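Below you'll find the structure, written out as structure tokens, and then a few comments.
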Amino acid sequence: MKAAPFAYVRPGSTQDALAELGRDGAKVLAGGQSLVPVLAMRLGRPSTLVDINAVPELSRISRDHGTLRIGATVRQRQVQYDAATAAVPLLRMALPWVGHREIRSRGTVCGSIAHADPSAELPAVASCLDATMVVAGAEGVREIAAGEFFTGAMTTVIGAEELLTEVRFPIAAPGEGHGFGEFARRHGDFALAGVVVRVRTRDERVDARVSCFGVSDHPVSRDISGELQAALAAVGPTPAEPDLRRALAEHAERITSDVVDTGGDAHASTAYRRRLTAGLLAREVARAYLKSLRSAEEGTSR
Ligand SMILES: Cc1cc2nc3c(=O)[nH]c(=O)nc-3n(C[C@H](O)[C@H](O)[C@H](O)COP(=O)(O)OP(=O)(O)OC[C@H]3O[C@@H](n4cnc5c(N)ncnc54)[C@H](O)[C@@H]3O)c2cc1C
């Protein structure tokens, strides 16, 4: 099938892009890796594609006030390899799992977050780190926390006439350790289930947060500091990874029975997704905690 007819514009500034988005039925074109298949299958029929790739101010990666700022046309593969992005280890852990190299060469980080596929990795990273989305529109610029950004499957708070201009990810602090795990039938497929974990160890304090994806209509985040502390009380503060994993298993089952609410489909039942998520969660929290201990000692983040 071919796409339905559409107009194509390629503005050279954010202001001009916003003016074009004011037209009825206009849609942003970033990397095109999700939008073009949608058009080709006629699942969407926008009147105008607003190609933002010629807007210079949207193509930057920069560090500013403890955040890594990624502009709307920055490719996923660029983020995977740019030296500046080492400051947010979770991005580099997640990106190799996003589709294939060819997809990442065109696909953008902001496009993935704006598209908000429930099984996508980057929205879950943004949720776990509580990244800030910067959205521009005719009325001005809004900064939206990840917790308020994703509202359902392929749905966010971005209005039809608005543009996600950048995402700001907090730079990892010393004492942080991270975990990322997903399961897909073939590498590069969307995940059946996945988890993103951040653990922070400071002095005697341990904080942990997880975001699960592929298990609900949007990434689901939970503060699991209490569960990690309870597991550590059972195995001591410097456990071997398998011991901590075992101590976390019961907590992980309880957490996932709450967060996994997707119905079963042709790929996996709800019960299978719960078991999968619980296993990934216990493993990645244990790994992230042990990394956080090392990074606290070294004064780095991992
Ligand atoms: C074979 C294949 C496998 C894939 N596997 C995975 C995978 O495993 N995991 C994964 O996460 N993704 C996967 N993807 C999707 C890929 O990551 C896309 O690149 C990404 O979802 C969308 O980014 P894009 O820049 O291509 O956006 P586009 O395709 O250009 O746009 C996607 C949607 O977001 C909107 N949009 C884009 N940018 C903005 C913006 N700045 N402001 C407002 N709205 C915007 C568009 O209007 C459109 O509705 C796969 C894609 C393919 C083709």
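Just so it is clear, the model here is predicted, and its values are computed rather than measured. Counting starts at 1 for both ligands and their atoms, in listed order.
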Apply side chain to side chain contact (heavy atoms under 4.5 Å, CB included) to L39 and L49, showing your working.
CA-CA 11 Å; L39 299 183; L49 291 192; 3.8 Å; yes

Closest approach of any protein heavy atom to [atom], naming residue and atom:
atom: atom 24 (P) of ligand 1; value: G31 N, 3.5 Å
atom: atom 49 (O) of ligand 1; value: K27 CE, 3.3 Å
atom: atom 15 (C) of ligand 1; value: S34 OG, 3.5 Å
atom: atom 46 (C) of ligand 1; value: V28 O, 3.1 Å
atom: atom 37 (C) of ligand 1; value: G111 CA, 3.6 Å
atom: atom 43 (C) of ligand 1; value: L164 N, 3.7 Å
atom: atom 45 (C) of ligand 1; value: A114 CB, 3.5 Å
atom: atom 28 (P) of ligand 1; value: G32 N, 3.4 Å

Are side-chain N/O atoms of T48 and E20 paired as donor and acceptor at under 3.5 Å?
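No pair is found: no donor N or O on one side chain lies under 3.5 Å from an acceptor on the other.
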
Donor + acceptor pair across side chains of S216, D261 (<3.5 Å):
yes

Where I52 and V28 come nearest, the two heavy atoms and their spacing:
CD1-CG1, 3.8 Å

First locate atom [atom1] of [X], then atom [atom2] of [Y], and finally report the distance between them rounded to the nearest 0.5 Å.
X: I171; Y: E176; atom1: CD1; atom2: CD; result: 11.0 Å
X: L164; Y: F149; atom1: CG; atom2: CZ; result: 5.0 Å
X: D265; Y: T270; atom1: CG; atom2: OG1; result: 8.0 Å

Is [X] near ligand 1, meaning one of its heavy atoms is under 4.0 Å from it?
X: D117; value: no
X: D189; value: yes
X: L122; value: no

Do side-chain atoms of [X] reach the backbone of [Y] as a donor and acceptor pair under 3.5 angstrom?
X: R274; Y: V260; value: yes
X: S257; Y: R254; value: yes
X: R209; Y: R198; value: no
X: R104; Y: P96; value: yes
X: R168; Y: R69; value: no

Proximal atoms of ligand 1 relative to [X] (non-hydrogen, under 4.0 Å):
X: W97; value: 8 (O)
X: G188; value: 5 (N), 8 (O)
X: G107; value: 19 (O), 25 (O), 26 (O)
X: Q33; value: 18 (C), 19 (O), 26 (O), 29 (O), 51 (C), 53 (C)
X: A120; value: 11 (O)

When you look for heavy atoms under 4.0 Å from ligand 1, do you find them on the side chain of [X], its backbone, both, or neither?
X: A72; value: side chain
X: Q76; value: side chain
X: T108; value: both

Contact list for residues 29-56, test salt bridge (charged side-chain N to carboxylate O under 4.0 Å, His left out), sequence neighbours left out:
R10-D51

For [X] and ligand 1, does the shortest N/O to N/O distance drop below 3.5 Å?
X: V98; result: no
X: E121; result: yes
X: R106; result: no
X: P37; result: no
X: G99; result: yes
X: I52; result: no
X: L163; result: no

Which of parallel (below 30°), tilted (30 to 60°) and perpendicular (above 60°) describes Y272 and F183?
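The rings of Y272 and F183 stand perpendicular, inter-plane angle above 60°.
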
Parallel under 30°, tilted from 30 to 60°, perpendicular over 60°: which one fits the rings of H100 and H187?
perpendicular

Identity of the nearest option to atom 2 (C) of ligand 1, non-hydrogen atoms only, from V109, V135, I103, I158:
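Among V109, V135, I103, I158, the closest heavy atom to atom 2 (C) of ligand 1 belongs to I103.
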
Per atom 29 (O) of ligand 1, closest listed option by heavy atom (L35, V36, I113)
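The residue whose heavy atom sits nearest atom 29 (O) of ligand 1 is L35.
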
Tell me whether V55 shares a hydrophobic cluster with L29, the cluster being built from Ile, Leu, Val, Met, Phe, Trp, Tyr side chains joined at under 4.5 Å.
no

